[in-house]
Amino acid sequence: MTFQQQIQQGIPDILPNPKSYDLSINHAPKRKDILSAEEKKLALRNALRYFEPKHHAFLIKEFAQELETYGRIYMYRFRPDYEMKARPISEYPGKSEQAKAIMLMIQNNLDYAVAQHPHELITYGGNGAVFSNWVQYLLTMKYLSEMTNEQTLTMYSGHPMGLFPSHKEAPRVVVTNGMVIPNYSKADDLEKMNALGVSQYGQMTAGSYMYIGPQGIVHGTTITVLNGFRKIGKPTLGGLFVTSGLGGMSGAQPKAGNIAGCITVCAEVNPKITKIRHEQGWINEVFDDINQLVIRVKSAKANKEIVSIAYLGNVVDIWERFDIENIAIDLGSDQTSLHNPWAGGYYPIDFTFEESNYLMANNPEKFKEEVQKTLRRHTVAINKHTAKGTYFFDYGNAFLLEASRAGADVMAENKIDFKYPSYVQDIMGPMCFDYGFGPFRWVCASGKPEDLEKTDAIACRVLEEMIKISPDEIKQQMQDNITWIKGASANKLVVGSQARILYADAEGRVKIAEAFNQAIANGEIETIILGRDHHDVSGTDSPYRETSNIYDGSSFTADMAIQNVIGDSFRGATWVSIHNGGGVGWGEVINGGFGMVLDGSSEASTRLASMLFWDVNNGISRRNWARNEGAIFAIKRAMETQPLLKVTIPNIVDDTLLEVGN
């Protein structure tokens with residue numbers, strides 16, 4: 001069958017041959033055995049309901065074996081034979097161009113060059129899934145190939161519930177992931193529901209079909225590193241940034257360090273992913289000997305090199321040894337998947353990678369004990385460096401949260417706050433999010449590099465016109481993005497789809513999108529898919545990351561994220577998503593995203609202006625109400641440009657009045 005025929009087929013009536021377990025692929029670790037005997041029967045019933053009864057007796061043994069071996073039923077047999085990658089939109093079957101764009105984005109999320117564990121349908125973060133099994137993928141793609149612009153596909157945690165009548169201005173797809181009852185958001189609740197096949201962890205852009213490979217986090221990390229060095233008043237050249245993690249998101253850190261212009265040392269315990277990142281050019285050098293690493297870093301500092309170095313080993317070794325050697329670390333962080341600490345997100349020291357994986361699956365209590373012991377040891381080493389002047393920040397991966405739960409010395413004197421800031425508290429929040437700047441992105445649906453080159457030029461032209469009249473408060477943000485977009489092509493950031501990201505405010509997003517839409521109408525470029533990271537001004541309520549610089553007591557509320565997705569859905573988004581979990585963990589955050597297809601039409605122009613304005617200013621208005629100075633400035637400026645916008649401005653209380661009676 002052709003590619004199009006395979007998509008249209010959906011679940012095959014004749015069972016395909018079983019697939020071999022490809023050891024060259026980076027696979028998800030075995031999940032812990034958490035289901036009771038009766039629950040395992042329920043998991044099998046749930047899996048088999050996708051198939052006609054004639055197949056049940058044959059498939060039940062295979063699925064039972066998968067559940068026993070991997071802790072999940074992935075339905076490997078049904079993994080497609082065709083290459084998993086984003087194709088030009090014209091190659092997808094269907095009646096709706098919007099639906100074809102969504103198929104393109106789904107396949108990009110599962111591209112072997114993009115996905116962390118592609119055979120387990122996991123894009124990044126260790127458990128950020130697009131689907132729970134391969135039959136959900138097949139059925140979803142079939143529905144999208146049949147969809148008209150008068151229908152909406154409803155996605156329940158990877159399961160395509162079905163096509164429902166709607167209208168052409170409605171979203172084509174509405175995605176929910178892990179939206180469980182709040183009292184059932186503990187880590188083991190996720191493990192159980194995921195093993196049963198009834199819920200999944202969509203991370204952020206994994207389960208919303210908007211991941212563009214490490215490029216997204218490269219840009220965010222570049223801005224973070226640049227502003228981190230600005231904050232401590234040191235030049236990046238010759239400066240040392242130490243961190244850990246080379247997986248889907250964290251793999252971008254070394255590349256970002258190179259762009260920022262510093263020395264980056266990043267630890268990773270997984271040899272396979274380290275090899276991949278080195279082959280992709282995201283890291284310059286790899287060492288597995290700590291002694292050789294010390295010599296290399298001393299040389300790099302002496303010569304003020306710009307270089308990224310991976311250490312194949314545990315990051316605790318680096319922090320401890322660099323302390324002994326008196327190697328000064330300027331910036332320090334961590335980006336392991338500590339939102340997922342007991343299932344491969346963080347590995348204990350003094351165990352090999354293979355030993356850790358065995359312990360994780362066969363003695364989870366011991367594994368947890370060793371992880372927490374390592375977190376305490378990790379923190380002791382960090383504290384020694386910060387006492388010497390290192391600026392350490394939490395990178396929103398729940399490092400400080402899990403370290404505190406392990407009893408590590410990370411609490412401030414008041415025993416309420418952490419002694420180290422979140423990077424959003426210190427850098428991204430006040431410098432970017434409060435002013436409306438966040439990770440705006442686009443994908444060229446044609447798959448043509450020349451279209452991406454043209455969009456880069458269009459975006460740059462728009463930003464250079466805007467900076468001429470920008471207020472002083474946002475000139476640095478504007479200039480950083482002009483510098484970024486001018487160097488984007490040279491930095492070879494594309495992995496998978498022809499995509500680009502830059503940090504833009506509402507005005508910038510609307511103007512860039514409108515310029516794209518006009519270029520499509522003029523025949524200069526083909527269809528463009530707009531999106532953003534959920535890690536943005538408005539889409540995510542996360543008290544330890546995106547909303548960590550909200551100090552009015554509302555950082556644990558999720559009104560903003562819910563309002564964001566509802567508002568996007570009726571203002572013109574092509575698809576919307578809302579997730580429990582993402583970045584900092586299941587039960588710790590609610591986050592939402594969108595996708596929007598530009599086709600050069602006047603309707604697309606109307607939709608982009610309405611939706612993008614709301615998508616950003618919803619978050620600015622909430623940050624304004626929290627009394628964030630930059631957000632008050634930004635929302636007042638937005639009201640001057642849009643007379644229909646009326647936002648409540650907070651009155652500021654004189655602090656001396658609060659001392660009365662104390």
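The heavy-atom pair separating L246 from P254 by the smallest distance is CD2-CG, 3.7 Å. Here the closest heavy-atom approach between residue G128 and residue A206 is recorded as O-CB, 3.4 Å. The heavy-atom pair separating V537 from V616 by the smallest distance is CG1-O, 3.7 Å. The two residues A310 and I283 have their closest heavy-atom pair at CB-CD1, 3.4 Å.
Using a 4.5 Å heavy-atom threshold, the side chains of Y435 and D505 count as separate. I306 is listed as a side-chain neighbour of L237, based on a closest heavy-atom distance under 4.5 Å. I382 places a side-chain heavy atom less than 4.5 Å from the side chain of F399. Taking 4.5 Å as the limit, every side-chain heavy atom of D536 sits out of range of all side-chain heavy atoms of S538. With contacts defined as side-chain heavy-atom distances shorter than 4.5 Å, the pair Y137/I106 qualifies. Within the 4.5 Å cutoff, the side chain of N177 has no heavy atoms near those of the S577 side chain. Using a 4.5 Å heavy-atom threshold, the side chains of Y82 and Q107 count as touching. Two residues are said to be in side-chain contact when any heavy atoms from C-beta on lie closer than 4.5 Å; C444 and I525 fail this criterion.
The ring pair (Phe, Tyr, Trp, His ring centres under 6.0 Å) check on W282 picks up nothing, with sequence neighbours excluded. For F516, the ring pair (Phe, Tyr, Trp, His ring centres under 6.0 Å) criterion is met by W442, not counting sequence neighbours. Every residue two or more places apart in sequence or in another chain was checked for a ring pair (Phe, Tyr, Trp, His ring centres under 6.0 Å) with F322, and none qualifies. Among residues two or more places apart in sequence or in another chain, the ring pair (Phe, Tyr, Trp, His ring centres under 6.0 Å) test is passed with F241 by none. Residues passing the side-chain contact (heavy atoms from CB on, under 4.5 Å) test with K475 are S470, D472, sequence neighbours excluded.
A salt bridge links R637 and E507; the closest N-O separation between the charged side-chain nitrogens and carboxylate oxygens is under 4.0 Å. Remark: K511 does not engage E514 in a salt bridge, criterion side-chain N to carboxylate O under 4.0 Å. Between K298 and E325, at least one side-chain N (NZ, or NE/NH1/NH2) sits under 4.0 Å from a carboxylate O, which counts as a salt bridge. Ionic pairing of E285 and R296 is present here: one or more N-O contacts between side-chain nitrogen and carboxylate oxygen are shorter than 4.0 angstrom.
Listed for the D288 side chain is no donor-acceptor partner under 3.5 Å among the backbone atoms of L312. Counting only distance, with no hydrogens or angles, the side chain of W575 and the backbone of S208 share a donor-acceptor pair below 3.5 Å. For T390 (side chain) and F392 (main-chain N/O), no donor-acceptor pair under 3.5 Å exists by modelled atom type. Side-chain atoms of N258 come within 3.5 Å of backbone N or O of S308 as a donor-acceptor pair. With Q215 contributing its side chain and A499 its backbone, the two residues share a donor-acceptor pair below 3.5 Å. Under the 3.5 Å distance criterion, the side-chain polar atoms of K255 are matched with a main-chain donor or acceptor of N491. Of the possible donor and acceptor atoms, none in the side chain of S610 sits under 3.5 Å from a partner among the backbone N and O of T606. Under the 3.5 Å distance criterion, the side-chain polar atoms of N314 are matched with a main-chain donor or acceptor of Y347. Within the 3.5 Å criterion, the main-chain N or O of M611 finds no donor-acceptor partner in the side chain of D615. The closest donor-acceptor contact from the side chain of N628 to the backbone of N549 lies under 3.5 Å.
The environment of K492 atom NZ is sparse: at most 12 non-hydrogen atoms of other residues, nucleotides or ligands sit within 6.0 angstrom. Environment of NZ in K275: sparse, with no more than 12 heavy atoms of neighbouring residues, nucleotides or ligands closer than 6.0 Å. Dense packing is recorded around CD of Q280, with more than 12 heavy atoms of other residues, nucleotides or ligands lying under 6.0 Å away.
Two rings, from F433 and H535, have their centers less than 6.0 Å apart. Taking the ring centroids of H219 and Y503, they lie under the 6.0 Å cut-off. Aromatic ring centroids of Y346 and H339 lie 6.0 Å or more apart.
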* **CA sep, side-chain torsions, deciding dist, call: D334, S244, side-chain hydrogen bond (donor to acceptor under 3.5 Å, both in side chains)** => CA-CA 5 Å; D334 180 272; S244 56; 2.5 Å; yes

* Please step through side-chain hydrogen bond (donor to acceptor under 3.5 Å, both in side chains) for the pair E120 and H27, ending with a clear verdict. => CA-CA 7 Å; E120 289 76 39; H27 287 283; 2.8 Å; yes

* To do: Take E453 and S489 through the test side chain to side chain contact (heavy atoms under 4.5 Å, CB included) and record every step on the way to the result.
  => CA-CA 8 Å; E453 185 179 344; S489 178; over 6 Å; no

* Working for side chain to side chain contact (heavy atoms under 4.5 Å, CB included), residues V315 and T336 -> CA-CA 10 Å; V315 70; T336 51; 6.0 Å; no

* To do: Could you please spell out the steps behind the side-chain hydrogen bond (donor to acceptor under 3.5 Å, both in side chains) verdict for Q518 and N522?
  => CA-CA 6 Å; Q518 189 59 53; N522 295 341; 3.1 Å; yes

* Yes or no on side-chain hydrogen bond (donor to acceptor under 3.5 Å, both in side chains) for N517 and S605, after CA distance, side-chain angles and deciding distance? -> CA-CA 7 Å; N517 200 52; S605 179; 4.7 Å; no

* Begin from the C-alpha positions of L530 and F440 and carry the test side chain to side chain contact (heavy atoms under 4.5 Å, CB included) through to its verdict. => CA-CA 8 Å; L530 300 181; F440 178 59; 3.8 Å; yes

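From L502, atom CG reaches atom CH2 of W484 across 9.0 Å, with rounding to the nearest 0.5 Å. Considering CE of M84 and CG of L110, their distance stands at 5.5 Å, rounded to 0.5 Å. Taking CD1 of I485 as the start and CG of D456 as the end, the distance is 4.0 Å to the nearest 0.5 Å. Note: M210 CE to I102 CD1 = 9.0 Å, rounded to the nearest 0.5 Å. Considering CD of E546 and CZ of R623, their distance stands at 8.0 Å, rounded to 0.5 Å. Atoms OG1 and CD, on T264 and Q253 in that order, are 8.5 Å from each other to the nearest 0.5 Å.
Looking only at atom types and distance, the side chain of T527 has no donor-acceptor partner in the side chain of D599 under 3.5 Å away. Side-chain N/O atoms of Y391 and D426 include a donor and acceptor closer than 3.5 Å.
For the side-chain hydrogen bond (donor to acceptor under 3.5 Å, both in side chains) with H534, the lone residue among T205, N591, T540 that qualifies is N591.
Relative to the six-membered ring of F3, R87 meets both conditions, a distance below 6.0 Å and an angle of at most 45° to the axis.
Among pairs with a residue in residues 435-451, those fulfilling salt bridge (charged side-chain N to carboxylate O under 4.0 Å, His left out) read K448-E526, at least two apart in sequence or across chains.
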